[in-house]
Number of protein chains: 2
Amino acid sequence: MSVSAQTGPSTRTGPTSGQRGGYAKGRATQQEIIRTAILVFADVGFHGASLRDIAARVGISHPGLLHHFPNKAALLEAVLEYRDAVDEQSFQEDLERGSDYFEAMLHLVERNRLRRPLVELFAGLSTEATSPDHPAHEYFRRRYQRVLDEQSRLLRERAVRGGLAPGVDPDQAARTVVALMDGLQVQWLLSLDRPAAERVDMAADLRGYLDLILR
Amino acid sequence: MSVSAQTGPSTRTGPTSGQRGGYAKGRATQQEIIRTAILVFADVGFHGASLRDIAARVGISHPGLLHHFPNKAALLEAVLEYRDAVDEQSFQEDLERGSDYFEAMLHLVERNRLRRPLVELFAGLSTEATSPDHPAHEYFRRRYQRVLDEQSRLLRERAVRGGLAPGVDPDQAARTVVALMDGLQVQWLLSLDRPAAERVDMAADLRGYLDLILR
DNA sequence: CCTACCGATCGGTAGG
DNA sequence: CCTACCGATCGGTAGG
């Protein structure tokens, strides 16, 4: 898992394709650090996490971890980029399979049910990072800007085609959709203490709102 | 608070009413610790906060702080109780002044605009505390249970009087209202970087949703 | 010269 | 409430 030599020829660019073993092992270790950091950050937040804990779970020393990521903030950045890449990939694949945008959003929310650590991570960091001096502040500021802009654009497009219920403001609806997804994550995470039948169904509740505003 | 010997006859509960000056100064210090702790917890979260920092801002040593609150979790509890008391008081006063429940909710959200540290605190802690071993986990579990139950009850009452738009499920709407308030807080906090005119108006967006489901 | 780390330790801080 | 500390652990860096 953390040791996969990969010696064969490769057409890839970057350090992945070196001769004599290349950096493949290093990349594999980085991936495992990122996956482990997601679990730990999700559990105790960025401030609460210790590099020693993350490193120990991976089976290396914490200076070993710092060889791959120069500091804690750099690790956080890699984690956020990883999360975005994972989401963006499956979302795009969904769109290419013919889903419309809001369907793809609902599928994304449904997939999140199987990725509790990622949800915990994102929910926790997005609130931690509202502090202007948090290392992920800029990341989240830009992320929300981007997501809200895209959401507004889509709803305005629908509005001109008559796809919005009367009286619905596209910008307000965009903020509401995003807020709803964030807020439902908290309720869903808290509901995981309860039996499966009583848990919050994030996709169903989001669909409930979309049914109110789309037509 | 956790150790109140209470030997003399007193009609009041707690150490507030001692003779010879009593514990008034101690209570004042406790209040200042709580108010300072709100600022610090809001800024860096529970895990990120240090008792020495809070104590220093109050002007005491950190063992001095621990004289008032036996540990970090106890301080957090006091902070949460303080927040609830503040909110509950103004909310009830609002209802007594004749506001209906949803009006009072909107007023609460409007008041939050002037209490950024409390909003940061609550937004941050509510996500931190989704982890089952977080010291505030039980508090938030119960709080959401209570708020959602009350919200559902109110919406069901409205439904039987015909006060809900057709097709709106009261339980789902309850979760949506709560999720919306939580999610909008994150967007509002992030929008504080921007000029006042571009900031998220939490009350307006909540009203937008209520207008969709109430009638 | 490279990689992938190690054991030890830096100055400070955690809760108690 | 203070000073004076504890066992441990924090993020980060030294030389090898």
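Order of the sequence lines fixes the chain letters, A, B, ..., with proteins taken first and strands second; residue numbering starts at 1 for each chain. When reading the values below, keep in mind they use all heavy atoms of this one structure, side chains included, and skip hydrogens, waters and symmetry mates.
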Legend entry - Between dA8(D) and dG12(C) - P atom distance, rounded Å: 23 Å
Inset, instruction - Specify the separation, in whole Å, of atom CG of Leu66(A) and atom C1' of dC5(C). - result: 12 Å
Inset, instruction - Report yes if a side-chain nitrogen or oxygen of Ser61(B) is closer than 4.0 Å to either non-bridging phosphate oxygen (OP1 or OP2) of dT3(D); otherwise report no. - result: no
Inset, instruction - Give Ile60(A) one of three labels, base, sugar-phosphate or nothing, depending on what nucleic acid heavy atoms sit under 4.0 Å from its own. - result: sugar-phosphate
Legend entry - OP1 or OP2 of dT9(D) under 4.0 Å from side-chain N/O of Ser50(A): no
Inset, instruction - Take atom CZ of Phe41(B) and atom P of dG15(C), then tell me their distance rounded to the nearest Å. - result: 9 Å
Legend entry - Spacing between His62(B) atom NE2 and dG12(C) atom P, to the nearest angstrom: 17 Å
Inset, instruction - Examine dC1(D): is either OP1 or OP2 under 4.0 Å from a nitrogen or oxygen in the side chain of His68(B)? Give yes or no. - result: yes
Inset, instruction - Verify the ring-centre separation between Phe122(B) and Phe41(B): is it less than 6.0 angstrom? - result: no
Inset, instruction - Measure the distance from CG on Leu65(A) to C1' on dG12(D) and round it to the nearest whole Å. - result: 12 Å
Legend entry - Presence of salt bridge, Glu150(A) and Arg146(A), under 4.0 angstrom: no
Legend entry - Between dC6(D) (C1') and Arg52(B) (CZ): distance, integer Å: 11 Å
Legend entry - Main-chain N/O of Val86(A) paired with Ser90(A) side-chain donor or acceptor, under 3.5 Å: yes
Legend entry - Whole-Å gap separating C1' (dT13(C)) and NZ (Lys72(A)): 13 Å
Inset, instruction - Answer yes or no: does a side-chain N or O of Thr29(A) lie under 4.0 Å from OP1 or OP2 of dA4(C)? - result: no
Legend entry - Main-chain N/O of Ser191(A) paired with Glu198(A) side-chain donor or acceptor, under 3.5 Å: no
Inset, instruction - With heavy atoms under 4.0 Å as the rule, sort Ala49(A) into base, sugar-phosphate or nothing. - result: sugar-phosphate
Legend entry - Whole-Å gap separating P (dG16(C)) and CD1 (Ile54(B)): 13 Å
Inset, instruction - Quickly work out the His67(A) NE2 to dC6(C) P distance and round it to whole Å. - result: 11 Å
Legend entry - Salt-bridge criterion met for Glu138(A) and Arg141(A) (N-O under 4.0 Å): yes
